[in-house]
Number of protein chains: 2
Amino acid sequence: MRPREFDNDDVLRIALDRFWRNGVRGTSLSDIARDAGVQRGSLYNAFGSKEALFLRAYERYAGDYVGAVQAALGAGSLRKRLTAFFDLTITNFRSGTPPRGCPTTRGLMELGSAEGEGLDEDARWAFADLVTRITGLVEDALAAGAKRGEFSGAPEAAALHIVTVTRGLAVLERAFGDEAQLRKIAAHTIDLVLGKKSRQAEPRSHER
Amino acid sequence: MRPREFDNDDVLRIALDRFWRNGVRGTSLSDIARDAGVQRGSLYNAFGSKEALFLRAYERYAGDYVGAVQAALGAGSLRKRLTAFFDLTITNFRSGTPPRGCPTTRGLMELGSAEGEGLDEDARWAFADLVTRITGLVEDALAAGAKRGEFSGAPEAAALHIVTVTRGLAVLERAFGDEAQLRKIAAHTIDLVLGKKSRQAEPRSHER
DNA sequence: TCGCATTCTTGACATCATGTCAAATACATT
DNA sequence: AATGTATTTGACATGATGTCAAGAATGCGA
């Protein structure tokens, strides 16, 4: 058989870059084909559709992100772990120029449900899977912290709460583009969950 | 001059319905024109572009939503107010069949940044404005609660945290479609912010 | 009452997107 | 070297956004 003239992973990296910067709606397969030096038809042959290509590219991203979260949550005091987790997440949202935001949140909102039939199942699965895995990792960190007396509470509810906040941060990033604001919310969340040992709150600083 | 053959507000209502159910990407001006019994060209004449039409329709929605939030946050104990606020928000996300989700979050992620140039300023403003106004209302409720001794803390930070959680709920709604989960997170958030007076936590109930 | 300016409507058109297909192509295997 | 097979390539169909010019309908002044 005839060998493929491009590297599959190269294309996925290039596609993720475009999708992340411009969104699914704002990216055409012609763009990606040009960037990758590949014919548009070859992309259809290799991946099937724009959505399928995005999903493949997204899965690479998700794997990397989960790995990084695991590393961030794996060492130090519970407060250090959570701080590292939020730090990683916010830095991720703010990477690129201009900042690219959160591909999970954006992809979830952009994909599927084009004709009244609900969100495409593959897509929903991909995004839900990431949220579930991150929640699990946070839960583990909280459970470990509980064993060491750093956390008293239900790790499940707290983990879900924390991950919900990270999703909210993704939305606020898009609305305000104010990184300092995101970091303030993150710090406040950690204080709430951990019981605000140490750390005094700065008065008057909620910007629009 | 020749009078317009359709009611402007009718079209905005019809457009919002489509946009809310199917998203901006999933709705064509032909759809809206058919629904409204209007020529597609007339929509361009009256509104300029699909995005502009969406923004106009969205502004109507935003006004209604802010009004409802104001009502929900205006009476009863602080806990009751916050409960009513979350209740309203989640019910809003879950309205329609299938549930339509949060138009703010979805619109924010779908619009703009098509060619590397950041999010369209009008769009960003519309969404940011809603978040800002809601945050302000929550802040007022917390400040009032603080006066009555129901809340001790910085209303600004707490309000922003609460609103961030509602944005996160919008994302999780889309990912899992599990209303009970959303309500659980909301209850937990209220407990965290208010200090968990009363209410025992149910163990083992974090579903994927 | 008539005509005119102004706005709205309508259909044609240009452009670009996704997605399909058949024919040409180039390698791997025998 | 011949052949099978997957890939490439360009043409095509469809549908979306957005523009434009010409026609239509009304309000208003003469």
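In what follows, chains are A, B, ... by sequence order, proteins preceding strands, each numbered from 1.
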Whole-Å distance separating the [atom1] atom of [X] from the [atom2] atom of [N]:
| X | N | atom1 | atom2 | result |
| --- | --- | --- | --- | --- |
| A/Y44 | D/dC12 | OH | P | 18 Å |
| B/L29 | C/dG11 | CG | P | 17 Å |
| A/L53 | C/dT18 | CG | C1' | 13 Å |
| A/R25 | D/dA16 | CZ | P | 14 Å |
| B/F47 | D/dG18 | CZ | P | 14 Å |
| A/N8 | D/dA6 | CG | P | 16 Å |
| B/K50 | C/dA17 | NZ | P | 14 Å |
| B/L43 | C/dG11 | CG | P | 14 Å |

Is there, by distance only and without an angle test, a donor paired with an acceptor across the side chain of A/R2 and the base of D/dT7 below 3.5 Å?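 Answer is yes: a donor-acceptor pair is held.
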
Measure distances between side-chain N and O atoms of A/R4 and base N and O atoms of D/dT7, and say whether any donor-acceptor pair falls under 3.5 Å.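 Side chain to base: no pair below 3.5 Å.
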
Taking the side chain as everything from C-beta on, heavy atoms only, tell me whether A/E150 gets closer than 4.5 Å to A/R81.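 When only atoms from C-beta onward are counted, A/R81 and A/E150 do not touch, as no gap falls below 4.5 Å.
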
Could you tell me whether A/D191 and A/R79 make a salt bridge, using a distance below 4.0 angstrom between a side-chain N and a carboxylate O?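 Counted as a salt bridge, because a side-chain N and a carboxylate O are separated by less than 4.0 Å.
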
Given D/dA16, D/dT8, D/dT19, identify the nucleotide with an atom nearest to the side chain of B/S28.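 Output: D/dA16.
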
Which listed nucleotide (D/dT17, C/dT7, D/dT8) is nearest to the side chain of A/N45?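 For the A/N45 side chain, the nearest candidate turns out to be D/dT8.
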
If only side-chain N and O atoms count, and only distance matters, is there a donor-acceptor pair under 3.5 Å linking A/T97 with A/R21?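 Their side chains do not contain a donor-acceptor pair, so the 3.5 Å distance test is not met.
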
If you pin B/M1 and B/G41 to their nearest nucleotides in DNA chain D, which one's is more 5'?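 Per heavy-atom nearest nucleotide, the more 5' residue is B/G41.
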
Is the distance between the ring centroids of B/F127 and B/Y58 under 6.0 Å?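 Ring-ring flag for B/F127/B/Y58: true, centres closer than 6.0 Å.
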
Parallel, tilted or perpendicular, judged at 30° and 60°: which one describes the rings of A/F19 and A/F54?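 Perpendicular.
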
Taking the nucleotide of DNA chain C with the closest heavy atom to each, which residue, B/A46 or A/V24, is nearer the 5' end?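 Nearest nucleotide further toward 5': that of B/A46.
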
Closer to the 5' end of DNA chain C via nearest nucleotide, is it B/R40 or B/P3?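 By nearest-heavy-atom nucleotide position, the 5'-most residue is B/P3.
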
Using a heavy-atom cut-off of 4.0 Å across all strands, would you classify A/F6 as base, sugar-phosphate, or nothing?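 Sugar-phosphate: the residue A/F6, judged by heavy atoms under 4.0 Å, touches backbone atoms but no base.
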
Phosphate-side-chain proximity, B/Q39 and C/dG11, N/O vs OP1/OP2 below 4.0 Å: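 Yes.
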
Would you say B/S42 places a side-chain N or O within less than 4.0 Å of OP1 or OP2 belonging to C/dT9?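 Yes, B/S42 has a side-chain N/O under 4.0 Å of OP1/OP2 on C/dT9.
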
